[in-house]
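Shown next, in structure tokens, is the structure this report addresses.
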Amino acid sequence: MLVIGLLLVCGMIHTSWAQSITMGCTQVTENGDVNIVWPNNYSFPAGYTYQIFASTNRQGTYTGIGNISNPQTFVHHANSALTQQWFYYIEGTDGNIIFRSDTVGTIVLGITNSGKGSARLDYFAPYQPLAKPFTVYRGLTEEALAIVDTTSALFYSDTTHYCGEMLTYQVVVADNRGCNFQSSPFSDMYSDFLAPDIPTLDTVSINPNTNHIEIGWDRPKDEDLIGYIIYIFKDGIWDDVDTIFGAENTFYIDTANSADEVQQYRICSIDTCRNASPLGDVHHTLSLSANPDKCDSSVVLTWNAYENMPGGTTNYHIFASENGDPFVQIGDVAGNLLNFKHEKANTSSNYTYYIQAYNSQNQFSSSSMKTDVVFNRTIGYGNSLLRYVSVKDNDHVEIAVYIPDSIIYHQISVYKSIDKNSFSLLDTKSKSPNLSTYTFIDTNIDVAMEQCYYFAAATDECDVLFAYTDTVSNIVLQLSDAAADLINLQWTDYEGFINLDCYEIWRQTQSETTLSYLDNTQSQEYADNVWDYHESGAKFKYQILAKEDHGNPYGFEDISYSNIVEAQKDPNNFIPNTFRPNSEIEANRIFKPVLSYVDADEYHFIIYDRWGQMMFETTDLTEGWDGTVKGKPAELGVYSYVITYRLNEKKMYSKYGHVTLIR
């Protein structure tokens, strides 16, 4: 029992030594051999002999392939290690007991070449579980291998960007034991036929300062990018504008194409193998049009929507420059609106506008083409003159307005008021070529009772009034109470003339057919003694004329007429009872009533003989009977007479009497 215990103890000691024997790392060579290597500072336990066993199946039958006494590189001429995984372990023995190391395998690398610039690497793990991940190397030569990536997977997909180059791959595991497991280097010809990613245009914009089109985009992630091709849509096809070399060059200024018309652009990227990406989204410049309304003092701006801005267009900024001053923002509208009204614009100024599509999240912006607005509004300027306001035909008022033909205006209008405060439009006349004086008629007025006020003004092309005249009223003439042979006149002042010469009084008796000049005055009242015309009839007509002096700046000497009034005096008569046709006194030769202010319009004077035969008849107030009948002297004797005339509108006056003719 004691011996057995000692043997067990010794066995345990040998087992401890066996566990300290570590298998090295396998490294497959290009010819299919397998090199087994250990770290430089590693050594086997002394006093043992060591043999390496190999198998193509981890669980299969292992065959001894050689002895090794100290850690050194051991070469297994496996030949098939390029395509077949081999497994290895070491047995150590002191002649009695056999001790075994761990089992490791080779890394067998298989590569599938797509022929389109990509490679699929498949490989086996040298043992499980791995302490460290696989490291993939790649290079143009075996000596220039560089790390591509690390992975824990048993495969790796690599995209190459070489244009017809022999590439070498190798898979390595850097083990904790201090050595590297390596696959054999695997070389093949690779060419990149894969198109790079499409660059994303952020904006196509017009620089408002240079008026050039500026294009910006995002750089794709492809490592082998060498540049970009910019295309423009011309004559129904996409034509290249320019090629930009340099993957980091993501901005371009197009100076060859006009910014004054809508231009459409697309862009693609190119790699080192001259593979080109598909064309990206279409971006176009913004077109801006302006519709000015000079009479509304506004400008309506419209534009086309900016499409394909990354993240969408959130709003549009509106900018304006007045008379060449720096641009300032005058408005902002939502991204779904395509118009803006610039109100209260100064129509005497010139404006330049542009709008800017904007994405607030990405802070992308695209400016439109500029558009100019010149209102060309003719502001009404100049003077007009209300020449006169005058009563015509004792029925209506005529207003004469003078405006020089040289003044630019649209219409001339006359306004009327009955209280000099609230005016309304009377009439309007359009400008007539070569006409300077326009006459207007007001028939809606009682010229004998109403004093109305008038002024005139011109309108410009926007119907804005200018060139106001003074306010002028018609002359209203009226009668006032008068005694005996006086007729009192009063009239309103006329303020229309710059220099009023005087008021002329014109009169017409009942025996006259027209008005004639009577007198003039500077005042607005006049008393007329009509005794000298008491036999001319009962009615007297009057009219006032306001006359302009020589001081009118336009050379006019106009007249304003008042209404016509009619005064009627109370009639009176004296009729003699005898007359002598051959009297030496002329007044006694004619038989005629002595009449004062008798209405001449309905006067009738008849003489009859004693038998009722009419001897004389007249309707003329100034005519009497000379005592003859048909040119022959009438007989002496008594004759009867009848006199009739109108007293007033309702009554007629009749007088019957006798007269004696003597010789």
Side-chain angles (χ1 to χ4, degrees), residues 387-400 418 441-454 472-497 499-549 557-572 595-603 620-622 645-650:
R387 288 183 54 180
Y388 61 80
V389 173
S390 181
V391 177
K392 295 296 182 182
D393 300 327
N394 207 36
D395 173 72
H396 57 270
V397 169
E398 181 179 273
I399 305 101
I418 60 174
I441 302 298
D442 182 11
T443 58
N444 187 26
I445 182 174
D446 183 351
V447 296
M449 300 297 296
E450 289 184 291
Q451 182 182 19
C452 292
Y453 302 87
Y454 305 89
V472 181
S473 63
N474 57 303
I475 303 173
V476 179
L477 172 62
Q478 292 183 328
L479 299 170
S480 61
D481 294 337
D485 301 309
L486 293 178
I487 297 176
N488 290 331
L489 305 174
Q490 291 181 339
W491 57 91
T492 58
D493 189 19
Y494 186 77
E495 300 176 351
F497 295 145
N499 292 306
L500 179 66
D501 184 17
C502 64
Y503 293 105
E504 288 187 356
I505 300 94
W506 285 56
R507 182 186 65 195
Q508 176 185 345
T509 66
Q510 209 163 2
S511 62
E512 296 172 326
T513 57
T514 60
L515 291 160
S516 59
Y517 173 77
L518 173 61
D519 202 353
N520 68 77
T521 180
Q522 296 290 334
S523 68
Q524 293 165 245
E525 57 184 13
Y526 186 81
D528 184 24
N529 190 328
V530 294
W531 168 251
D532 291 340
Y533 304 95
H534 67 278
E535 294 184 347
S536 298
K539 298 178 181 178
F540 297 84
K541 293 182 178 180
Y542 294 90
Q543 189 173 36
I544 302 300
L545 280 63
K547 303 195 70 174
E548 189 171 15
D549 198 358
E557 295 182 11
D558 288 320
I559 299 174
S560 175
Y561 294 84
S562 75
N563 57 301
I564 298 173
V565 297
E566 183 177 85
Q568 183 166 338
K569 301 299 287 183
D570 293 334
N572 194 4
L595 304 172
S596 297
Y597 311 123
V598 170
D599 190 343
D601 290 339
E602 298 187 60
Y603 173 72
D620 187 350
L621 287 172
T622 63
Y645 54 84
R646 179 170 292 282
L647 281 175
N648 53 46
E649 293 182 356
K650 296 182 179 181

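We count residues from 1, following the sequence as given.
- When all heavy atoms are compared, the tightest approach of D395 to V391 is N-CG1, 4.3 Å.
- Surrounding CG of D519 are more than 12 heavy atoms belonging to other residues, nucleotides or ligands, all under 6.0 Å away.
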Notebook entry, point to check: Does the pair S390 and K392 meet the rule for a side chain to side chain contact (heavy atoms under 4.5 Å, CB included), with working shown?
Noted result: CA-CA 6 Å; S390 181; K392 295 296 182 182; 4.1 Å; yes
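- Of all non-hydrogen atoms in W531 and S596, the two that sit nearest each other are CZ3-OG, 4.0 Å.
- Between the side chain of D528 and the main chain of V530, no donor-acceptor pair closer than 3.5 Å is present.
- Annotation: side chain of L515 is in contact with side chain of K541 (closest heavy-atom distance under 4.5 Å).
- V389 places a side-chain heavy atom less than 4.5 Å from the side chain of V397.
- Taking the side chain as every heavy atom from C-beta outward, Y526 and I544 never approach each other to under 4.5 Å.
- Y494 contributes atom OH, which lies 9.5 Å from atom CG of N474 (distance to the nearest 0.5 angstrom).
- For the atom pair CD (E525) and CD (Q490), the distance works out to 5.5 Å, reported to the nearest 0.5 Å.
- The shortest side-chain heavy-atom distance between L545 and Y517 does not fall under the 4.5 Å cut-off.
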Next item on the list: Check the pair K547 / E557 against side chain to side chain contact (heavy atoms under 4.5 Å, CB included), numbers first and verdict last.
Entry: CA-CA 7 Å; K547 303 195 70 174; E557 295 182 11; over 6 Å; no
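- Minimum interatomic distance between V476 and T492 (heavy atoms only, all atoms of both residues): N-OG1, 2.9 Å.
- In this structure, I418 places its CD1 atom where only 12 or fewer heavy-atom neighbours from other residues, nucleotides or ligands lie under 6.0 Å away.
- Closest of all the heavy-atom pairs between Y453 and S473 is CD2-CB, 3.6 Å.
- Here the OH-OH distance, from Y454 to Y388, works out to 13.5 Å after rounding to the nearest 0.5 Å.
- Heavy-atom minimum distance, Q508 versus T514: CG-O, 3.4 Å.
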Next item on the list: Walk me through it: do L479 and I487 pass the test side chain to side chain contact (heavy atoms under 4.5 Å, CB included)?
Entry: CA-CA 7 Å; L479 299 170; I487 297 176; 3.9 Å; yes
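- Between the side chain of Q543 and the main chain of S562, a donor-acceptor pair closer than 3.5 Å is present.
- Side-chain contact between Y503 and D493 is present, with at least one heavy-atom pair separated by less than 4.5 Å.
- Taken to the nearest 0.5 Å, the CD atom of Q451 stands 13.0 Å off from the CG atom of D446.
- Paired with V447 under the rule side chain to side chain contact (heavy atoms under 4.5 Å, CB included), one option of N394, I564, D393 passes, and it is N394.
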Item checked: Evaluation steps, side-chain hydrogen bond (donor to acceptor under 3.5 Å, both in side chains), between Y533 and Q510 -> CA-CA 9 Å; Y533 304 95; Q510 209 163 2; over 6 Å; no
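- Contact record, W491 with I475: CB-CG2, 3.9 Å, taken as the closest heavy-atom pair.
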Next item on the list: Under the side chain to side chain contact (heavy atoms under 4.5 Å, CB included) rule, what do R507 and I505 come out as? Steps first, then yes or no, please.
Entry: CA-CA 7 Å; R507 182 186 65 195; I505 300 94; 5.5 Å; no
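- Considering CG of L621 and OH of Y645, their distance stands at 10.0 Å, rounded to 0.5 Å.
- A salt bridge does not link K569 to D485: none of the charged nitrogens lies less than 4.0 Å from a carboxylate oxygen.
- One distance of note links OG1 of T509 with OH of Y597; it measures 12.0 Å at 0.5 Å rounding.
- A side-chain donor-acceptor contact under 3.5 Å links N563 to the backbone of L477.
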